[in-house]
Amino acid sequence: MNRRRFLAAAGLAALGLAGCGPDGGAGRVRLASGEVGGFYEAFARKMAAAAAADGTIHIDVVTTAGSQDNLTMLAGGRVDAALTLADSVGRSDEQVLALGRVYENYLQMAVRKDSPIHAVADLRGLRLNWGAEGSGAALTGTRILRAAGLDPDSDVEIVHRPLRDSVSSVLSGEADALLWAGGVPTTLLEVPAHLRLIDLGDLAAPMRELFGPVYDRVDIPATAYPGAPAVRTIGVTNLLLASAAMADSTAAALVELLVYKADSLVPAEAAGTQFLDGRSLINTGTIPLHPGAASVYRRWHG
């Protein structure tokens, strides 16, 4: 199905469902977020709070393992909207529509403070906690290893655990390093008290060359984790996606929150480093905007 026919079909589906909420308004949305203590979950709860205050829509926040899990749930109809990393969408065969580009996740590779590891190449032969099963970090992590010249199938031992468990395993010596995709600061990482971050900046260019333009080199300033040095890392765009069956009115209500309630949607993990920008909200790459979202952006931009 080409893009024009797909958007037309999405529009018809949305028109057929418009106004079907229990109060005749924009209705109820199940939003797939991420792990408790992570950026996605914090952002989703701020969205839900803003929606409750606005009174136009109700958002149920669904806790998940992360991006890949969210895409599976969205495709299966178990949620209506989902947050995901842009590179995870690129691996999915499902046709999805975007509501907007929201913030950017920072890849954070952490080791014990006294660890001899100072670069990804130092991980050869070691044990890694490479993001929870179903998370975006699990996918991006294997790409980081390949960009550094390591084979994730033979050069390292990879396990997948939620963030809290990953931190515990690194601190106990059960694992040598962990990878997390989230905002900064992520308090569960315990930087710099017990862990330190590895500089990943030199891998941004190889990542782009090998896997596409969704990767950027970004800075984690020293102020993000007071007492820790500034490091460079890799940023990946976050997208807020919707089912093609979502009503235009529902999509519009969600996007209006992004546009008009932006100041109330900044999680602590993004404070001082990121903010919602109307110019970047519409930059969803190859993922087409939902018709209801596009109508809001057209009205807003004039």
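Not measured: the values here are computed from a predicted model. Computation of the quantities below employed the complete heavy-atom set of this structure, encompassing side-chain atoms and omitting hydrogens, waters and symmetry-equivalent molecules.
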Item to check | Contacts of T72 that satisfy side chain to side chain donor-acceptor pair (under 3.5 Å) - sequence neighbours left out | outcome: none

Checklist entry - Under 3.5 Å, side chain of S166 to main-chain N/O of P162, donor-acceptor pair present? => result yes

Item to check | Any donor-acceptor pair under 3.5 Å from H160 side chain to G131 backbone | outcome: yes

Checklist outcome for this item: Heavy-atom nearest pair, M47 first then L258, reads SD-CD2, 3.7 Å

Item to check | L31 vs L240 side-chain heavy atoms within contact, under 4.5 Å | outcome: yes

Item to check | Qualifying salt bridge (Lys or Arg N to Asp or Glu O under 4.0 Å) pairs, either residue in residues 190-206, two or more places apart | outcome: D199-R232, D202-R232

Item to check | Gap separating the CH2 atom of W180 from the CG atom of L163, nearest 0.5 angstrom | outcome: 5.0 Å

Next on the checklist: Taking R161's backbone N and O only, do any of them form a donor-acceptor pair with D165's side chain (distance below 3.5 Å, no angle check)?
Outcome noted: no

Item to check | Within 6.0 Å of CG in D263, more than 12 heavy atoms from elsewhere | outcome: no

Item to check | Validation row: V259, Y297 side chains within 4.5 angstrom (heavy atoms) | outcome: yes

Next on the checklist: Just so I know, are the side chains of V170 and R112 near enough to count as touching, which here means a heavy-atom distance under 4.5 Å?
Outcome noted: yes

Checklist entry - So which pairs with a foot in residues 36-60 pass salt bridge (Lys or Arg N to Asp or Glu O under 4.0 Å), sequence neighbours left out? => result R28-D60, E41-R45, D54-K261

Checklist outcome for this item: Nearest heavy-atom contact between L85 and A137 is CD1-N, 4.3 Å

Next on the checklist: Just verifying a value: how many Å separate L203 CG and L145 CG, rounded to the nearest 0.5 Å?
Outcome noted: 9.5 Å

Item to check | Spacing of L107 atom CG and T140 atom OG1 [to the nearest 0.5 Å] | outcome: 5.5 Å

Checklist entry - Can you check side chain to side chain contact (heavy atoms under 4.5 Å, CB included) on D216 and I234, steps first, answer last? => result CA-CA 6 Å; D216 300 306; I234 298 167; over 6 Å; no

Checklist entry - Are a donor atom and an acceptor atom from the side chains of D80 and S243 found within less than 3.5 Å of each other? => result no

Next on the checklist: Would you say L189 ends up clustered with V159 if hydrophobic residues are merged whenever their side chains have heavy atoms under 4.5 Å apart, either directly or through other cluster members?
Outcome noted: no

Item to check | Shared hydrophobic cluster, V36 / V61 (ILVMFWY, side-chain heavy atoms < 4.5 Å) | outcome: no

Next on the checklist: Before you tell me yes or no, could you show the steps for V120 and M109 under side chain to side chain contact (heavy atoms under 4.5 Å, CB included), namely the whole-Å CA-CA distance, both residues' side-chain angles and the distance that decides it to 0.1 Å?
Outcome noted: CA-CA 9 Å; V120 177; M109 178 179 154; 3.9 Å; yes

Next on the checklist: Test of understanding: with side chain to side chain donor-acceptor pair (under 3.5 Å), list the residues that count as partners of E256, not counting sequence neighbours.
Outcome noted: R299

Checklist entry - Would you say P288 and L97 make side-chain contact, with heavy atoms under 4.5 Å? => result yes

Item to check | Main-chain N/O of V214 paired with R208 side-chain donor or acceptor, under 3.5 Å | outcome: no

Checklist outcome for this item: Closest non-hydrogen contact found for P152 with L150 is CD-O, 3.4 Å

Checklist entry - Can you tell me how far CG of L257 sits from CD1 of I59, rounded to the nearest 0.5 angstrom? => result 5.5 Å

Item to check | Partner set under salt bridge (Lys or Arg N to Asp or Glu O under 4.0 Å) for D153, not counting sequence neighbours | outcome: R146

Item to check | Nearest heavy-atom neighbours spanning E104 and G235 | outcome: OE2-C, 3.5 Å

Item to check | side chain to side chain contact (heavy atoms under 4.5 Å, CB included) assessment of I117 paired with L123 | outcome: CA-CA 7 Å; I117 299 168; L123 297 177; 3.9 Å; yes

Checklist entry - Are the side chain of H58 and the backbone N or O of V29 linked by a donor-acceptor pair below 3.5 Å? => result no

Checklist entry - Can any side-chain N or O of D155 pair as donor or acceptor with the backbone N or O of R124 at less than 3.5 Å? => result no

Checklist entry - With no hydrogens and no angle check, is any side-chain donor or acceptor of S33 less than 3.5 Å from a backbone partner on V62? => result yes

Item to check | Close side-chain approach of I144 and L179, heavy atoms under 4.5 Å | outcome: yes

Checklist entry - Which pair of non-hydrogen atoms, one from V111 and one from A177, has the smallest distance, and what is that distance? => result CG1-CB, 3.7 Å

Next on the checklist: One thing to verify: whether R127 and D176 come together as a salt bridge, which I'm taking to mean a side-chain N less than 4.0 angstrom from a carboxylate O.
Outcome noted: no

Checklist entry - So, S135 side chain and A138 main chain: donor-acceptor pair closer than 3.5 Å or not? => result yes

Item to check | Residue pair L289 / L99, side-chain heavy-atom distance below 4.5 Å | outcome: no

Next on the checklist: Checking I287 against V89 for the side chain to side chain contact (heavy atoms under 4.5 Å, CB included) test, could you report, in this order, the C-alpha distance in whole Å, the side-chain angles of both residues, the deciding distance, and whether it holds?
Outcome noted: CA-CA 9 Å; I287 311 302; V89 184; 3.4 Å; yes

Checklist entry - Tell me, do V255 and H290 make a side-chain contact under 4.5 Å, heavy atoms counted? => result no

Item to check | Listed partners of F39 passing ring pair (Phe, Tyr, Trp, His ring centres under 6.0 Å), at least two apart | outcome: Y103

Next on the checklist: For the OG atom of S67 and the OH atom of Y40, what is their distance to the nearest 0.5 Å?
Outcome noted: 3.5 Å

Checklist outcome for this item: Correct closest heavy-atom pair for L74 and A81 would be CD1-N, 3.8 Å

Next on the checklist: Measuring from atom OG1 of T84 to atom CG of L239, what distance do you get when rounded to the nearest 0.5 angstrom?
Outcome noted: 7.0 Å

Checklist entry - Side-chain contact, heavy-atom cut-off 4.5 Å: E35 with T63? => result no

Checklist entry - Hey, is the main chain of G66 close enough, under 3.5 Å, to the side chain of T64 for a donor-acceptor pair? => result yes

